[in-house]
Amino acid sequence: MIAEAAARLSSFADAAFALKLARVSISARHVQRVALEIGTEMIDQRDKKVAQRRRRELPVRVAATPEVVAVEVDGGRLRTREEGAGPGVHGKQNKEDKVACLVSLHSEAHQHDPQPEPPETFLEPRRVQRLVQAMKGQAGDKPPEEAEQEEKAAHQETQEEPEGGRTTPKCHVRTAVASMADSHAFGPMVAAEAQERGFYQAKRKAFLADGAAYNWSIHKGYFADFEPITDMLHVLCYLYLAAWAVGSDDAQRWSIYVVWLRSCWQGRVKEVIEALLDWQGKLGKPPEGEELDRKDPRRLVAEALSYLGNNQTRMDYPRYRKEGLPITSSLVESLVGEFNARVKGRDKYWNLSEGAEAILQLRAAVLSQDDRLERFFAQRPGCAYRRRKTA
């Protein structure tokens, strides 16, 4: 109860207050100690599974192999402080926490593209503007909490069901993996979770991420037989910003964006790259060694060209839709927001080695839809509900 409250609520103080309402008298500091203890035990359990997988000894935990699966990877941000420096915040830093969403899906394969035109969500100016602002960190001077709420709302809008019925895969069971580790250590953690859930035996498999190189190193090392798919939402952002950089007025900018979006949606990425190259010929390339303003047209066109050029082999969206695979990483983007709701805040600073990693394990457990926290306590040594072995 204590560990779950510490993971679900936004702070240890809130958890202590909620427990008090449930007639469990406990201080916030005691809640923190219990949460860190349980989280540390979960770290040890996770690392043992990683070692088992490396030795090819990790068993599949699920009874039935899922038909369609997706692994989505993304990163969030939290604040850390120097450990052992006494009370207060010393040596504060912004650090990345890596998050993976592993989801089994319900979907059908199609002979033809079930949605050849972009959804209305991607063609409504105010919605698109809000999505781009949220994803590209252009929320201005808004407080972090308000900006995160807007980002979550924007991602929820992209998952709205179209009027003609559902054409996107439907989530069945979601589990989460999160860590402060680098990609070399994070990849095996995600692979161990996929192994336990029988993902490698699924008939249709997808791996979704943005264009960050470390994401695709994880794909290459641990999910090479999963279909690699570049998140369509990030593509949308680059197209939108580049269109706004080259257009002369709002009407022309929106028109350019819609043409480029439709081309990428329909798998004609090469056409957009050629159009961007034409614009780069008119505007010029960014000068080498010069840091341009983030709104400089030369910079925005070059960034869009680089993104599309690096990811075009992972942007065959019509084929992915026909195979019943997702084309956006909305699930992990939303999941990152749910992690941020616990670990990110104006006055939250975590000890890097023990505090952050431990609370991420607890948060991952309560956000996973497989009752893993309950199973952890049922199997934990010394658990009052565990049946003793008899001779």
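- Distance alone, capped at 3.5 Å, places no donor-acceptor pair between the Arg79 side chain and the Trp350 backbone.
- Between Arg174 and Leu331 the shortest side-chain heavy-atom distance does not fall below 4.5 Å.
- Between Leu208 and Thr328, the closest side-chain pair of non-hydrogen atoms is not below 4.5 Å.
- For Phe12, there are no ring pair (Phe, Tyr, Trp, His ring centres under 6.0 Å) partners, not counting sequence neighbours.
- Note that CG of Asn215 and NZ of Lys98 are 8.5 Å apart. Values are rounded to the nearest 0.5 Å.
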**OP:** Any chance you could lay out the side chain to side chain contact (heavy atoms under 4.5 Å, CB included) test for Met180 and Leu78, step after step, and finish with the verdict?
**Re:** CA-CA 10 Å; Met180 300 297 297; Leu78 53 78; 3.8 Å; yes

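- Across all their heavy atoms, Val173 and Arg197 have their closest contact at O-NH2, 3.1 Å.
- Using modelled atom types, no side-chain atom of Ser255 and backbone atom of Ala251 make a donor-acceptor pair closer than 3.5 Å.
- Contact detail for Val366 and Ala7: the closest heavy-atom pair is CG1-CB, 3.8 Å.
- When all heavy atoms of Ala35 and Ala6 are compared, the pair lying nearest together is CB-CB, 3.7 Å.
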Original post:
Should Tyr317 and Trp265 be marked as a side chain to side chain contact (heavy atoms under 4.5 Å, CB included) after you check the CA-CA gap, both sets of side-chain angles, and the distance that decides it?
Top reply: CA-CA 6 Å; Tyr317 298 120; Trp265 182 268; 5.7 Å; no

**OP:** Output, in order, the C-alpha distance, side-chain angles, deciding distance and verdict of salt bridge (charged side-chain N to carboxylate O under 4.0 Å, His left out) for Asp370 and Arg61.
**Re:** CA-CA 11 Å; Asp370 62 349; Arg61 177 167 50 81; 3.3 Å; yes

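- Other residues, nucleotides and ligands contribute only 12 or fewer heavy atoms inside 6.0 Å of the CD atom of Glu108.
- The closest donor-acceptor contact from the side chain of Ser107 to the backbone of Gly324 lies under 3.5 Å.
- Minimum interatomic distance between Gly198 and Val62 (heavy atoms only, all atoms of both residues): N-CG2, 4.2 Å.
- Of all the heavy atoms in Ser10 and Ala341, the pair that sits closest is CB-O, 4.0 Å.
- Side-chain atoms of Tyr238 never come within 3.5 Å of backbone atoms of Leu308 as a donor-acceptor pair (strictly under, hydrogens ignored).
- No side-chain heavy atom of Gln361 sits less than 4.5 Å from a side-chain heavy atom of Gln45.
- Here the closest heavy-atom approach between residue Pro286 and residue Leu292 is recorded as CB-CD1, 3.6 Å.
- Separating the CZ atom in Arg253 from the OH atom in Tyr240 is a distance of 9.5 Å, to the nearest 0.5 Å.
- Within a 6.0 Å radius of CZ in Arg77, more than 12 heavy atoms belonging to other residues, nucleotides or ligands are found.
- Here Gln133 contributes atom CD and Leu241 contributes atom CG; the two are 10.0 Å apart, rounded to the nearest 0.5 Å.
- Salt-bridge check for Glu37 with Arg380: passed, with a basic side-chain N closer than 4.0 Å to an acidic carboxylate O.
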Original post:
What do the steps show when you test Leu233 against Phe122 for side chain to side chain contact (heavy atoms under 4.5 Å, CB included), and what is the final call?
Top reply: CA-CA 9 Å; Leu233 297 181; Phe122 293 172; 3.6 Å; yes

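- Within a 6.0 Å radius of CD in Glu120, no more than 12 heavy atoms belonging to other residues, nucleotides or ligands are found.
- The distance from atom CG of Leu239 to atom CG of Leu300, rounded to the nearest 0.5 Å, is 12.0 Å.
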Original post:
What's the verdict on salt bridge (charged side-chain N to carboxylate O under 4.0 Å, His left out) for Asp296 and Arg298, showing C-alpha distance, side-chain angles and the deciding distance?
Top reply: CA-CA 5 Å; Asp296 189 298; Arg298 294 170 295 174; 3.0 Å; yes

**OP:** Start with the C-alpha distance between Gln195 and Gln52, add both sets of side-chain angles, then the distance that settles side chain to side chain contact (heavy atoms under 4.5 Å, CB included), and finish with yes or no.
**Re:** CA-CA 11 Å; Gln195 171 71 21; Gln52 281 183 287; over 6 Å; no

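- Separating the CD1 atom in Ile327 from the SG atom in Cys264 is a distance of 11.0 Å, to the nearest 0.5 Å.
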Subject >> Chi angles and distances behind the salt bridge (charged side-chain N to carboxylate O under 4.0 Å, His left out) call for Arg299, Glu303 >> reply: CA-CA 6 Å; Arg299 174 174 176 171; Glu303 288 177 347; 3.0 Å; yes

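- Applying the 4.5 Å side-chain rule to ILVMFWY residues, one finds Val50, Val69, Val73, Leu102, Val177, Phe186, Met189, Val190, Phe199, Tyr200, Phe207, Tyr214, Trp216, Ile218, Tyr222, Phe223, Phe226 in the same cluster as Val71.
- With rounding to the nearest 0.5 Å, the separation of CG in Asp231 from CE in Met135 is 5.5 Å.
- Tested against Arg46 for a salt bridge (Lys or Arg N to Asp or Glu O under 4.0 Å), the candidates Glu196, Glu41, Glu357 yield a single pass: Glu357.
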